[in-house]
Engineer: 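Sharing a structure, written as structure tokens. Questions coming.
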Amino acid sequence: MAKNSKTIISGPEAVRVRFAPSPTGYLHIGSARTAFFNWLFAKKTKGKFILRIEDTDMSRHMEEPIDLIMDSLKWLGINWDEGPDTGGNFGPYRQSQRKDIYSSYAGKMIADGNAYYCFCSQEKLAEKRQSFIEGRGSDYYEYDRECYYLAKDKIEQNLKEGIPYTVRLLVPDDYDIAFTDTVYGPISVNSGTQEDFIIIRSNGLPTYNFSAAVDDILMEITHVIRGEDHLSNTPKQILIYKALDEELPVFTHLPMIHGADGQKLSKRHGSISIEAYRDEGFLPEALRNYLALLGWAFDEKTTVFSSNDLINKFSLKDINKKPAKFDYEKLLWLNGYYIRQMPEKELEKLLAKRVTSADISIKGKNITDKNIAAVLPAIKKIIPLIKERVKTLKEARDITVKFFEDINYENDFIEYIKSNKERALGITEDALSLLKNIDDFSHQGIEAALRSISEKRNIGFRKVAEIIRAAIWGARVSPPMFGTMEILGKDTCIARLDSFMDMLS
RNA sequence: GGCCCGUUCGUCUAGGGGUUAGGACAGCAGAUUUUCAAUCUGCCAGCAGGAGUUCGAUUCUCCUACGGGCUACCA
């Protein structure tokens, strides 16, 4: 009999949780949330967070994704106490390296009569399924236990002859598999709904439900926190615990994250890898905050949580059941919020890093880590101008780059300006002669000079600014114009006004 | 098909037998303004449907509908 679930944690130190991705690609946004919730819970309880790689499917797993996943976790600020790279007392932390462990446990289960050898080939199984389905007219099929009834000497003989075999769990009849999920409450399933599923494949490697359960036992995992898609797998794993006579961990299943259409979040919904969000210029702290809000809430009003807030306030009890739709707009808003709150020094570092990798040049020279010093003063001045109007670092980079690149006058806005060429020319000329003669090329000086144009011509400054902006920025929208011009500097502004005039006439 | 799970504004959610059902994002309107943002103010908008329990259900129970998951020698 399986022992009762651990409903009381014996002490905060005792908590051990794990994130167990299979390395099939990148770190998915949903997996990231699972990892994060595990991590939060570990931090909150001062427990241990373990990273375990579930790479038992030889046909699917690759080496690169393991590094990719670890990099993404680190970028998000999720560190682990034990894992494939850091080691620990419960290793190895890659399932592909634990084959012997699973075999010995399977062997023990066979010896105890809780599991049995199955010599049915995949072809034979397919036939069984086929004929069964045809006979019943339904697509429901479960293994008929043919090999369970094999005589002892026949089994010995098959083994001796080297006939490939799998190991199946002997599922007890009419047993009530019950557990209490932290989120979903009491759940019970009759064992009659479970077939004698395979725990060891013919290649000797374990299947997911077996390796996960065995490792959770051996790694002394106290709380299993994972996606709701595993809720239906839990009874199978409980059966393993029962066969091994082990105490159950606390199970906590997290609601799924869906796309806007309610389907499982996938590529067609946009970016789903953490790397993509990093590249698009999202801040890890914003992403963490948003992820936390997907399926968890602290109270009726708080939306923004610092990382410490999150650790202090997080509780498994506050996780809700309803699947959440991923709302990119809200993430964007949150990211913008974090950018606005960020100290300028920090933003400066992040932006400088992006600018050096942006492949732009000043005076024919690419900006690299080496000569970044040349543009750093400008970046320092650009930041206050843009930090309130960008939502991602990528946007910030794009605007910054425009300060250094050659201007381009080919777009609809410029066409529109051309529709009143006379006035545009006149205003540009005015600006040019005024600006050439001011000594104080600060935004105050520039403003005073340019505003005089609207007085002289008796038109709204709005109209004047439109033209100047077109000339110095080439677009309808720019960062605050006077500040922008100050950063651009007198020479550049005059050069741009000149070429704007040339372009017009 | 079988089993499991879910359903509060468009979205994320709070709430809970009697509430003007609260907040945030988005949207709309206004203020501000050299553009765009940011900021501030206001507005719009929700308990899937049907029975039952009850003096009273959005809240509790059941059913239906819809959605999701599992049902592999995937994880």
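The structure presented is a predicted model; accordingly, all values stated were derived computationally and were not measured. Chain letters run A, B, ... following the sequence lines, proteins first and then strands; every chain starts at 1.
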Engineer: Taking atom C1' of B/C25 as reference, at what distance in whole Å does atom CG of A/Leu293 sit?
Structural biologist: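 Distance, rounded to whole Å: 10 Å.
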Engineer: Looking at A/Phe49, does the NZ or CZ of A/Arg18 lie under 6.0 angstrom from its six-membered ring centre and within 45 degrees of the ring axis?
Structural biologist: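 No, A/Arg18 does not sit over the ring of A/Phe49.
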Engineer: For A/Thr303, answer base if it contacts any base atom (sugar-phosphate contacts may also be present), sugar-phosphate if it contacts only those atoms, and nothing otherwise; contact means non-hydrogen atoms under 4.0 Å.
Structural biologist: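 Since only primed, P, OP1 and OP2 atoms lie under 4.0 Å of A/Thr303, the category is sugar-phosphate.
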Engineer: Look at the side chain of A/Lys236 and decide which nucleotide, out of B/C70, B/A72, B/U35, has an atom nearest to it.
Structural biologist: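 My answer, after comparing the listed nucleotides, is B/C70.
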Engineer: How would you label the contact of A/Lys463 with the nucleic acid (heavy atoms, under 4.0 Å): base, sugar-phosphate, or nothing?
Structural biologist: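 No contact.
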Engineer: Assign A/Asn320 to base, sugar-phosphate, or nothing according to its heavy-atom contacts below 4.0 angstrom with the strands shown.
Structural biologist: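 Answer is sugar-phosphate: A/Asn320 comes under 4.0 Å of backbone atoms only.
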Engineer: Quick one: is A/Arg168 getting a side-chain N or O under 4.0 Å of the B/A72 phosphate, OP1 or OP2?
Structural biologist: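 Negative; the distance criterion is not met.
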Engineer: When the C1' atoms of B/G30 and B/C44 are considered, how many whole Å apart are they?
Structural biologist: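 The same atom, C1', in both gives a distance of 15 Å.
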Engineer: Taking donor-acceptor contacts at under 3.5 Å, does the side chain of A/Asn209 reach the base of B/A75?
Structural biologist: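 Between B/A75 and A/Asn209, which were checked side chain against base, a qualifying N/O pair under 3.5 Å is absent.
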Engineer: So what does A/Asn233 hit on the nucleic acid, given a heavy-atom distance under 4.0 Å: a base, only sugar-phosphate, or nothing?
Structural biologist: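 Base, at least one base heavy atom under 4.0 Å.
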Engineer: With a 3.5 angstrom cut-off on both distances, give the Watson-Crick or G-U wobble partner of B/A21, or none if there isn't one.
Structural biologist: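 By the stated definition (distances under 3.5 Å), nothing pairs with B/A21.
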Engineer: Heavy atoms only, 4.0 Å cut-off, all strands: where does A/Arg129 land among base, sugar-phosphate and nothing?
Structural biologist: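 Counting heavy atoms under 4.0 Å across all strands, the contact made by A/Arg129 is with sugar-phosphate only.
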Engineer: Considering only B/A38, B/C3, B/A75, which nucleotide approaches the side chain of A/Val189 most closely?
Structural biologist: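 Out of B/A38, B/C3, B/A75, the nucleotide with an atom closest to A/Val189's side chain is B/C3.
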Engineer: Determine the Euclidean distance between corresponding C1' atoms of B/G23 and B/C66; express it in Å to zero decimal places.
Structural biologist: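 Taking atom C1' in both B/C66 and B/G23, they lie 28 Å apart.
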Engineer: Within the structure shown, what part of the strands sits under 4.0 Å from A/His253 by heavy-atom distance: base, sugar-phosphate, or nothing?
Structural biologist: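 No contact at all - A/His253 keeps every heavy atom at 4.0 Å or more from the nucleic acid.
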Engineer: Between A/Trp473 and A/Phe413, does the ring centroid distance fall short of 6.0 Å?
Structural biologist: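 For A/Trp473 and A/Phe413, the ring centres are not under 6.0 Å apart.
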Engineer: Could you give the distance separating B/G22 and B/U8 at their C1' atoms, to the nearest angstrom?
Structural biologist: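 B/U8 and B/G22 have their C1' atoms separated by 12 Å.
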Engineer: Given that both distances must come in under 3.5 Å, which nucleotide forms a Watson-Crick or G-U wobble pair with B/U35?
Structural biologist: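 Looking at the geometry, B/U35 pairs with no nucleotide.
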Engineer: Look at A/Arg462 and B/U35 and indicate whether a side-chain polar atom (N or O) is within less than 4.0 Å of OP1 or OP2.
Structural biologist: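 Yes, within the criterion.
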Engineer: Given the P atoms of B/C55 and B/C47, what is the spacing between them in whole Å?
Structural biologist: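 The same atom, P, in both gives a distance of 26 Å.
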Engineer: Might you point out which heavy atoms bring A/Val304 and A/Asn289 nearest each other, and give the distance in Å?
Structural biologist: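 Between these two residues, the closest heavy atoms are CA-OD1, 3.5 Å.
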Engineer: Would you find a donor on one side and an acceptor on the other, under 3.5 Å apart, between the side chain of A/Arg469 and the backbone of A/Val464?
Structural biologist: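 Judged by distance alone, no pair lies under 3.5 Å.
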Engineer: Less than 6.0 angstrom from the centroid, inside 45 degrees of the normal: does A/Arg496 satisfy that with respect to the ring of A/Tyr409?
Structural biologist: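 No, cation not above the ring by the 6.0 Å, 45° rule.
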Engineer: Across all strands, who's sitting opposite B/C28 as a Watson-Crick or G-U wobble pair, both distances under 3.5 Å?
Structural biologist: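 Its partner is B/G42 (Watson-Crick or G-U wobble, both distances under 3.5 Å).
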Engineer: Hey, does A/Ser121 reach any base, or is it just sugar-phosphate, or nothing, if we go heavy atoms under 4.0 Å?
Structural biologist: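 The answer is base, as A/Ser121 lies within the cut-off (heavy atoms under 4.0 Å) of a base atom.
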Engineer: Using OP1 and OP2 only, check whether a side-chain N or O of A/Lys391 sits under 4.0 Å from B/A38.
Structural biologist: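 Checking B/A38 against A/Lys391, a side-chain N or O does come within under 4.0 Å of OP1 or OP2.
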Engineer: Indicate, with a heavy-atom threshold strictly under 4.0 Å, whether A/Leu294 touches base, sugar-phosphate, or nothing.
Structural biologist: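 Sugar-phosphate only.
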Engineer: Only pairs with both distances under 3.5 Å count, Watson-Crick or wobble alike; so what is the partner of B/A48 in this structure?
Structural biologist: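 Across any shown strand, B/A48 pairs with B/U64.
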Engineer: Nearest to the side chain of A/Ser232 - B/G69, B/A72, B/A75?
Structural biologist: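 Nucleotide nearest to A/Ser232's side chain: B/G69.
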Engineer: Between A/Tyr290 and A/Phe326, does the ring centroid distance fall short of 6.0 Å?
Structural biologist: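 Ring-ring flag for A/Tyr290/A/Phe326: true, centres closer than 6.0 Å.
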Engineer: How far, in whole Å, is B/C9 from B/U58 if one measures between their C1' atoms?
Structural biologist: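 Each nucleotide's C1' atom is 14 Å from the other's.
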Engineer: Considering only atom P, compute the distance from B/A51 to B/G15 and round it to an integer number of Å.
Structural biologist: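 Result for the P pair: 29 Å, nearest Å.
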Engineer: Are A/His223 and A/Phe37 an aromatic pair by the rule of ring centers under 6.0 Å?
Structural biologist: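 A/His223 vs A/Phe37: aromatic centres not under 6.0 Å.
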Engineer: Give me the atom names and distance for the closest heavy-atom approach of A/Val171 to A/Arg145.
Structural biologist: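 The pair with the smallest heavy-atom distance is O-NH2, 2.7 Å.
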Engineer: B/U34 phosphate, OP1 or OP2: any side-chain N/O from A/Arg451 under 4.0 angstrom?
Structural biologist: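 Indeed, a polar side-chain atom of A/Arg451 lies that close.
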Engineer: Would you mind classifying the nucleic acid contact of A/Pro480 as base, sugar-phosphate or nothing, using non-hydrogen atoms under 4.0 angstrom?
Structural biologist: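 Base: the residue A/Pro480, judged by heavy atoms under 4.0 Å, touches a nucleobase.
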Engineer: Given B/U35, B/C73, B/C3, identify the nucleotide with an atom nearest to the side chain of A/Arg469.
Structural biologist: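 Output: B/U35.
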Engineer: Name the nucleic acid region contacted by A/Phe482, choosing base, sugar-phosphate or nothing; use a 4.0 angstrom heavy-atom cut-off, strictly under.
Structural biologist: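 Base, at least one base atom sits under 4.0 Å.
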Engineer: Donor-acceptor check, side chain of A/Tyr141 to backbone of A/Phe132, threshold 3.5 angstrom: yes or no?
Structural biologist: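 Here the side-chain-to-backbone pair does not exist.
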Engineer: Could you tell me whether A/Ser22 contacts a base, only the sugar-phosphate backbone, or nothing, with contacts defined as non-hydrogen atoms closer than 4.0 Å?
Structural biologist: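 A/Ser22: backbone/sugar contact only, no base atoms under 4.0 Å.
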Engineer: For nucleotides B/U11 and B/G67, find the distance between their P atoms and express it as a whole number of Å.
Structural biologist: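 It works out to 15 Å between them.
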Engineer: State whether A/Ser478 places a side-chain N or O below 4.0 Å from either non-bridging phosphate oxygen (OP1 or OP2) of B/U34.
Structural biologist: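 For A/Ser478, the contact criterion (side-chain N or O under 4.0 Å from OP1 or OP2 of B/U34) is not met.
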Engineer: Which residues within residues 324-341 of chain A lie with some heavy atom under 4.0 Å of an atom in RNA chain B?
Structural biologist: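 When residues 324-341 of chain A is checked for heavy atoms under 4.0 Å from RNA chain B, the hits, listed by number, are A/Ala324, A/Lys325, A/Asp327, A/Glu329, A/Lys330, A/Trp333, A/Arg340.
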Engineer: Among A/Arg451, A/Arg423, A/Lys456, which residue meets the salt bridge (charged side-chain N to carboxylate O under 4.0 Å, His left out) test with A/Asp430?
Structural biologist: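 Exactly one candidate clears the test, A/Lys456.
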Engineer: Is the distance from OP1 or OP2 of B/C3 to the nearest side-chain N or O of A/Asn190 less than 4.0 Å?
Structural biologist: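 No, no such contact exists.
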Engineer: Remember a base hit wins even if backbone is also touched, and classify A/Thr193 as base, sugar-phosphate or nothing at under 4.0 Å, heavy atoms.
Structural biologist: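 Since only primed, P, OP1 and OP2 atoms lie under 4.0 Å of A/Thr193, the category is sugar-phosphate.
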Engineer: Can you see if the side chain of A/Lys322 gets near the phosphate of B/C12 - specifically, an N or O under 4.0 Å from OP1 or OP2?
Structural biologist: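 Yes.
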Engineer: From C-beta outward on A/Thr56, which listed nucleotide comes closest to its side chain: B/C73, B/G67, B/A75?
Structural biologist: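 Given the options B/C73, B/G67, B/A75, the side chain of A/Thr56 is closest to B/A75.
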Engineer: In whole angstrom, give me the gap between the P atoms of B/C3 and B/A24.
Structural biologist: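 Those two atoms are separated by 44 Å.
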